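These numbers were taken from a predicted model, which means no experiment stands behind them. The sequence lines fix the lettering, A, B, ..., with proteins before strands; numbering per chain opens at 1.
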Number of protein chains: 2
Amino acid sequence: MALEHAILVSLLEKPGSGYELARRFDRSIGYFWTATHQQIYRVLKRMESDGLLSVRGLPQQSRPDKKEYSVVGPGRAALSQWLHEPIEPESIRHELAVKIRGAAFDDPAVLIREVERHRQVHSDRLAHYLAGELRDFTGPTAPTALDAGQELQHVVLRGGIAYERMTVAWLDDVLATLRLLGTQHPHT
Amino acid sequence: MALEHAILVSLLEKPGSGYELARRFDRSIGYFWTATHQQIYRVLKRMESDGLLSVRGLPQQSRPDKKEYSVVGPGRAALSQWLHEPIEPESIRHELAVKIRGAAFDDPAVLIREVERHRQVHSDRLAHYLAGELRDFTGPTAPTALDAGQELQHVVLRGGIAYERMTVAWLDDVLATLRLLGTQHPHT
DNA sequence: CTTGGCTATGCAACGAGTTGCATATGAAGA
DNA sequence: TCTTCATATGCAACTCGTTGCATAGCCAAG
């Protein structure tokens, strides 16, 4: 139930509605944990009935009502307990890697476009992360004192940056390999 | 249904039983796609009834019977079709990153042991990959001619190596950050 | 001689995640 | 004016993935 914990972290960073959470899961926390709005609304409801969150109805002008969720005592305790539990080191699911191995049984050249497209996405993400880092951690608003929250968000962002950099470099390696095979085996 | 495709690739590389596939998903292809034996048996049954695979019962001495699956025509066609379809660039689910951000709301020091443990796992995986690379791709049995299958398996392995290297370096960064926060805030 | 481990397959139940659809309103643009 | 976009929430049905358990025989260690 890691979504529950991701929601606790996000709501502790800043209370918000299901809709707002859904948007955060499209950026920020979403770089490390994805979720759709359906999932979020369902889990929020359960967490509230379990007493981990409190809700506040915010009637809005010219908009549907908003339900703002905040973490309450038991929610904070649940997060703290989870932090003390060990978790399994991630096991990746890299569909593109499966495709690349599968390309041995077809024409490897069909993957070139696909890999180029992925490279573009990762390269864009890298640029986006770097811009965020400049804005939030090394710009004029640079952290004055050592703030734990800031430092931890920064180190996670550095992880994202390292991941995207590594991925772009690897996809270049993949492209070079595919092109080499293309010239050797014009079409198997 | 990417498991289906991962199974097609693995069975094209070498036919085998559900049990054998389950073990391959603990190594090799499993580095990029995980699956439990339950999932595998269930999907194999479906794929066979869909006509993508054929089965051969192999009675064995002093062992339960084995069912050896092979890819047949329609299976190969399904793989080929999948290779031509675009896939979504991976979205990561990095539970440890969520924990690190969550540590801002508790004592960051509680994560040190956990991060050290993860670092060890990734460092072991890296060593394992490097040994495999030496054995299969750069050793005395180095590829004579340019074999597409070999080259593609190698580039995927290089991706795994790059990933583990990057992760170990990042976890060192995380540890340094956690330790720094520990000395600054002896206990919030 | 019994316990545990390895091969080999599978059911049943549950929890997690996805997809399609539905509803309501106001603002901006064609 | 009509459509589309953005806010805001939710149900229902489905597939995917995990966990616990069951069976069955052989082998090796204690």
Side-chain angles (χ1 to χ4, degrees), chain A residues 1-8 11 15-27 29-30 32-50 53 55-69 82 87-95 98, chain B residues 1-8 11 15-27 29-30 32-50 53 55-69 82 87-95 98:
Chain A
M1 304 198 191
L3 177 55
E4 230 176 77
H5 301 115
I7 286 176
L8 286 172
L11 288 180
S17 67
Y19 188 82
E20 280 162 359
L21 277 172
R23 279 185 309 165
R24 288 184 214 171
F25 276 83
D26 285 337
R27 336 170 255 99
I29 195 108
F32 314 103
W33 203 268
T34 56
T36 61
H37 76 276
Q38 315 294 350
Q39 239 181 306
I40 290 166
Y41 283 122
R42 202 196 295 150
V43 173
L44 278 175
K45 198 161 280 185
R46 190 185 67 211
M47 290 171 78
E48 198 251 318
S49 81
D50 288 352
L53 303 177
V55 210
R56 215 164 45 112
L58 293 185
Q60 301 191 115
Q61 289 191 324
S62 72
R63 301 239 161 247
D65 281 12
K66 185 198 283 198
K67 293 188 188 171
E68 199 189 60
Y69 289 90
W82 176 65
I87 52 175
E88 285 295 300
E90 349 290 322
S91 39
I92 305 177
R93 295 236 159 141
H94 208 305
E95 210 173 344
V98 177
Chain B
M1 305 200 192
L3 177 54
E4 229 176 78
H5 301 114
I7 287 176
L8 286 173
L11 288 180
S17 66
Y19 188 81
E20 280 163 0
L21 277 173
R23 278 185 311 166
R24 286 184 215 171
F25 276 84
D26 285 336
R27 336 171 255 99
I29 194 113
F32 314 103
W33 203 268
T34 57
T36 61
H37 75 277
Q38 314 294 349
Q39 237 182 307
I40 291 165
Y41 283 122
R42 201 196 294 150
V43 173
L44 278 175
K45 199 162 282 186
R46 190 186 65 211
M47 290 170 77
E48 198 251 316
S49 82
D50 288 352
L53 304 177
V55 209
R56 215 164 45 113
L58 293 185
Q60 300 191 114
Q61 291 191 324
S62 71
R63 301 241 162 245
D65 281 13
K66 185 197 285 197
K67 294 187 187 170
E68 199 189 62
Y69 290 89
W82 176 65
I87 52 176
E88 285 295 300
E90 349 287 326
S91 39
I92 305 177
R93 295 236 158 140
H94 208 304
E95 211 172 347
V98 177

J.: Between C1' on D:dT18 and CD1 on B:Ile40, what's the gap in Å once rounded to a whole number?
T.: 13 Å

J.: Of the nucleotides C:dA8, C:dC11, C:dG17, which one has an atom closest to the side chain of B:Lys45?
T.: C:dC11

J.: Report yes if a side-chain nitrogen or oxygen of B:Tyr19 is closer than 4.0 Å to either non-bridging phosphate oxygen (OP1 or OP2) of C:dT9; otherwise report no.
T.: no

J.: Would you kindly give the NZ-to-P distance between A:Lys67 and D:dG10, to the nearest whole Å?
T.: 4 Å

J.: Which residue, A:Lys66, A:Arg23, A:Arg56, forms the side-chain contact (heavy atoms from CB on, under 4.5 Å) with A:Ser17?
T.: A:Lys66

J.: Does D:dA6 have OP1 or OP2 under 4.0 Å away from a side-chain N or O of A:Arg23?
T.: no

J.: Would you tell me if any nitrogen or oxygen in the side chain of B:Tyr41 comes within less than 4.0 Å of OP1 or OP2 on C:dG10?
T.: no

J.: Tell me if the side-chain of A:Gln38 makes a donor-acceptor pair with the base of C:dG17, cut-off 3.5 Å, by modelled atom types.
T.: no

J.: Taking only side-chain nitrogens and oxygens of A:Arg42, does any of them come within less than 4.0 Å of OP1 or OP2 of D:dA12?
T.: no

J.: Answer yes or no: is there a side-chain heavy-atom contact under 4.5 Å between B:Ile92 and A:Thr34?
T.: no

J.: To the nearest Å, how far apart are B:Leu44 CG and C:dC11 P?
T.: 13 Å

J.: Within a reach of under 6.0 Å around CZ of A:Arg46, are more than 12 heavy atoms found that belong to other residues, nucleotides or ligands?
T.: yes

J.: Kindly say whether A:Glu95 contributes a backbone atom to a donor-acceptor pair with the side chain of B:Glu90 at under 3.5 angstrom?
T.: yes

J.: Do you know which two heavy atoms are closest between A:Pro15 and A:Arg24, and how far apart they sit?
T.: O-NH2, 3.3 Å

J.: For D:dT19, does either OP1 or OP2 sit under 4.0 Å from a side-chain N or O belonging to B:Thr36?
T.: no

J.: Separation of B:Leu3 atom CG from C:dA16 atom C1', in whole Å?
T.: 16 Å

J.: Would you mind reading off the distance between A:Arg24 atom CZ and D:dA8 atom P, rounded to a whole angstrom?
T.: 12 Å

J.: Check the distance between D:dC26's P and B:Lys66's NZ and give it to me in whole angstrom.
T.: 17 Å

J.: Nearest to the side chain of B:His37, which nucleotide is it out of D:dA8, C:dG17, C:dG10?
T.: C:dG10

J.: Mind calculating the distance between CD (A:Glu20) and P (D:dA6) to the nearest angstrom?
T.: 17 Å

J.: Between D:dT9 atom P and A:Glu48 atom CD, what is the distance in whole Å?
T.: 13 Å

J.: Nearest-nucleotide wise, let me know which of B:Arg93 and B:Gly18 is further upstream toward the 5' end of DNA chain C.
T.: B:Gly18

